[in-house]
Amino acid sequence: MGYLTQTGTDLLRAEALLREGELVAVPTETVYGLAADATRPQAAARIFEVKQRPRFNPLIVHTDHPERVRELVSEWPPEAEALAKACWPGPLTLLLPRSSRIPDLVTAGSPRVAVRIPDHPLTLELLRRLPFPLAAPSANPFGYISPTTAAHVAAQLGGRIPYILDGGPARVGLESTIIGWEAGQPVLYRQGGIPAEVLEPITGPLGQPAPGLKPQAAGMLGSHYAPATPLILGDLRSLLRGRNPQRTGILSLRPGSYGLPPGQAIALSADGDLREAAQQFFAALRTLDALHLEAILAEPMPDTGLGRAINDRLRRAQAERKAAPDLPSDSVS
């Protein structure tokens, strides 16, 4: 089905479309999400279809209040209550045993569901108006750079969805951190918008997930968040040797002199602020990818706080992956 995609701030229209089982791109503090009724398998199936997302990869479910979260899970341990009080609304997702309200498709058959309360006024108001939660992975083709503005969504999904709710640029810029429990021990499933250092005083030391053939939560695949241009991670000076500067891009934390044409070297923060770097990260990748260069060279961030989450995205972005699909450009803003 083709759409004349429109962008705006009309909550009534977004609500009506979602009640009809349609998809709407919504803003959050992390990235823009591609939202549908999480309790309706047919609506959730459209997310997988539009994103070209494999059905073994589970979705995150969003709602507006902890009381409504409890309707979506069959267990609500004290540890979850403590994290919810400290971090919601905000960029934290909890992986918990699901209730019968959540269909198999949303969790990819897992007995657990990923749930969170986003921290964006438009989407929180939308969720308050709806009688159902929203399944909402990032609003982009599967495996590619996550969108942090409505324009990013329109560029990649224009013509495939009817409406984009425009809430301005994402404030955090990285997906949510995902926490769950295995054998009673807290586990970090995905680095994200809340650093482990903030969570561990509440949870205790965070372990790593047990290995498995299928991802247990969103964002766990080896290749993800990637531009179409090959991305290479390492020491920038070493990587530049022997490369054509006219056909090379650089993504660094702070500004530097690399001898590249204007616009081909992007620094994420003038003073090395990792919060600013996280907010700018996906937009900077998109800008460099649009130049159709031979390679994007990126340096690792400091291995602390949000730097760990950015490094996680960089490692997944450089993993071997398929070529980018043809994307429509017939959106209307």
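- When each of Thr63, Thr177, Thr30 is paired with Arg116, the side chain to side chain donor-acceptor pair (under 3.5 Å) condition holds for Thr30 and for no other.
- The CZ atom of Arg112 lies 8.5 Å from the CG atom of Leu96; values are rounded to the nearest 0.5 Å.
- In this structure, Val172 stands alone, with no Ile, Leu, Val, Met, Phe, Trp or Tyr side-chain heavy atom under 4.5 Å from its own, directly or through other members.
- The distance from the OG atom of Ser238 to the CD1 atom of Ile232 is 12.5 Å, given to the nearest 0.5 Å.
- With a 6.0 Å radius and a threshold of 12 heavy atoms from other residues, nucleotides or ligands, Arg128 has its CZ atom above the threshold.
- Note: Thr229 OG1 to Leu297 CG = 11.0 Å, rounded to the nearest 0.5 Å.
- Of all heavy-atom pairs spanning Ala43 and Ala36, the tightest one is O-CB, 3.6 Å.
- Evaluation of the side-chain hydrogen bond (donor to acceptor under 3.5 Å, both in side chains) rule for Arg237 yields no partner, not counting sequence neighbours.
- Expressed to the nearest 0.5 Å, how far OH of Tyr163 lies from CG of Leu18 amounts to 11.5 Å.
- Atoms CD1 and CG, on Ile179 and Leu199 in that order, are 5.0 Å from each other to the nearest 0.5 Å.
- To the nearest 0.5 Å, atom CD of residue Glu299 and atom CG of residue Leu233 are 9.0 Å apart.
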- Report the C-alpha distance between Arg308 and Glu197 in whole Å, list the side-chain angles of each, state the deciding distance to 0.1 Å, and finish with yes or no for side chain to side chain contact (heavy atoms under 4.5 Å, CB included). CA-CA 11 Å; Arg308 290 198 187 100; Glu197 293 93 329; 2.7 Å; yes

- Message: Quick one, Trp181 with Val187, criterion side chain to side chain contact (heavy atoms under 4.5 Å, CB included). Give me CA distance, side-chain angles, the key distance, then yes/no.
- Response: CA-CA 5 Å; Trp181 290 266; Val187 170; over 6 Å; no

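- Every residue two or more places apart in sequence or in another chain that forms a side chain to side chain contact (heavy atoms under 4.5 Å, CB included) with Ala25 is listed here: Ala139, Val153, Ile161, Ile164.
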- Test side chain to side chain contact (heavy atoms under 4.5 Å, CB included) applied to Leu268 and Leu251, step by step: CA-CA 7 Å; Leu268 295 175; Leu251 185 64; 3.7 Å; yes

- Chi angles and distances behind the side chain to side chain contact (heavy atoms under 4.5 Å, CB included) call for Arg13, Leu17: CA-CA 6 Å; Arg13 183 171 185 202; Leu17 287 165; 4.0 Å; yes

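- At least one side-chain heavy atom of His152 sits under 4.5 Å from a side-chain heavy atom of Thr149.
- Residues Ile60 and Arg190 form a side-chain contact, since some pair of their non-hydrogen atoms from C-beta on lies under 4.5 Å apart.
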